[in-house]
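To start, the structure itself, in structure tokens.
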Amino acid sequence: MTVSKAMAVAGLMAATALGAGTAQADDMLGSYTARISDRDHRASDGYPLSSAAQMVRQDRANWHKFHRRDSDDQGDEWFRSDGSRADLQRMLERGGAMSSATRRAIVNGEPLVEVDVYPDSVRVSIVED
């Protein structure tokens, strides 16, 4: 392959990747912030949770179902029911939903996170550790 053809292929691949990223950003439903506090590290019946996905799910149960809210928590319109929170946990367990650093920060601390919600996925990032 000539250098010019290789550059053209690389440019086309980059443009395709950028276009896919833009389409996903356009599909974002919204976002919310939440403090993943000590109360979110325990299930409703008191046993300790072991994963970041479980803790983020528990934060939404505490917000919607139990009205145990941290001062930094914001509401959301997507995770009101038990079923939608189960879906949230499944999405959180997929690769790409959270970095390993974000997972560690949630499991080992009480960070403020931002959750970006898409039709079939979520993305969690640390706002404040």
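Just so it is clear, the model here is predicted, and its values are computed rather than measured.
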Side-chain heavy atoms nearer than 4.5 Å, only ILVMFWY residues, links allowed to pass through others: does that put [X] and [Y] together?
{"X": "Val122", "Y": "Leu49", "result": "yes"}
{"X": "Met91", "Y": "Val124", "result": "yes"}
{"X": "Tyr32", "Y": "Ile106", "result": "yes"}

So do [Y] and [X] actually touch side chain to side chain, heavy atoms under 4.5 Å?
{"X": "Val115", "Y": "Trp78", "answer": "no"}
{"X": "Glu114", "Y": "Thr33", "answer": "yes"}
{"X": "Gln58", "Y": "Ser44", "answer": "yes"}
{"X": "His64", "Y": "Asp76", "answer": "yes"}
{"X": "Pro119", "Y": "Leu29", "answer": "yes"}
{"X": "Glu77", "Y": "Val117", "answer": "no"}

What closest approach, in Å, do [X] and [Y] show between heavy atoms, and which atom pair accounts for it?
{"X": "Phe79", "Y": "Arg85", "result": "O-NH1, 3.1 Å"}
{"X": "Arg60", "Y": "Ala34", "result": "NH2-CB, 3.9 Å"}
{"X": "Ala105", "Y": "Pro111", "result": "O-CD, 3.4 Å"}
{"X": "Gly96", "Y": "Arg123", "result": "O-NE, 3.1 Å"}
{"X": "Ser50", "Y": "Val107", "result": "O-CG2, 4.2 Å"}

Rounded to the nearest 0.5 Å, how far does [atom2] of [Y] lie from [atom1] of [X]?
{"X": "Asp87", "Y": "Asp82", "atom1": "CG", "atom2": "CG", "result": "11.0 Å"}
{"X": "Asn62", "Y": "Met55", "atom1": "CG", "atom2": "CE", "result": "12.5 Å"}
{"X": "Ser125", "Y": "Leu112", "atom1": "OG", "atom2": "CG", "result": "9.5 Å"}
{"X": "Ser84", "Y": "Arg57", "atom1": "OG", "atom2": "CZ", "result": "9.0 Å"}
{"X": "Ser121", "Y": "Leu92", "atom1": "OG", "atom2": "CG", "result": "10.0 Å"}
{"X": "Arg42", "Y": "Ser37", "atom1": "CZ", "atom2": "OG", "result": "12.0 Å"}

Exercise. Would you find a donor on one side and an acceptor on the other, under 3.5 Å apart, between the side chain of Gln89 and the backbone of Ala53?
Worked result: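 It does not hold such a pair.
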For this session: Kindly say whether Asn108 contributes a backbone atom to a donor-acceptor pair with the side chain of His41 at under 3.5 angstrom?
Result: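 Not a single qualifying donor-acceptor pair exists.
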For this session: Test the Arg39-Phe66 pair against the cation-pi criterion, namely NZ or CZ under 6.0 angstrom from the six-membered ring centroid and within 45° of the ring axis.
Result: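 Pair Arg39/Phe66 does not count as cation-pi.
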Problem set entry | The single option from Asp70, Asp59, Asp72, Asp40 passing side-chain hydrogen bond (donor to acceptor under 3.5 Å, both in side chains) against Arg35 |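 Output: one option passes, namely Asp72.
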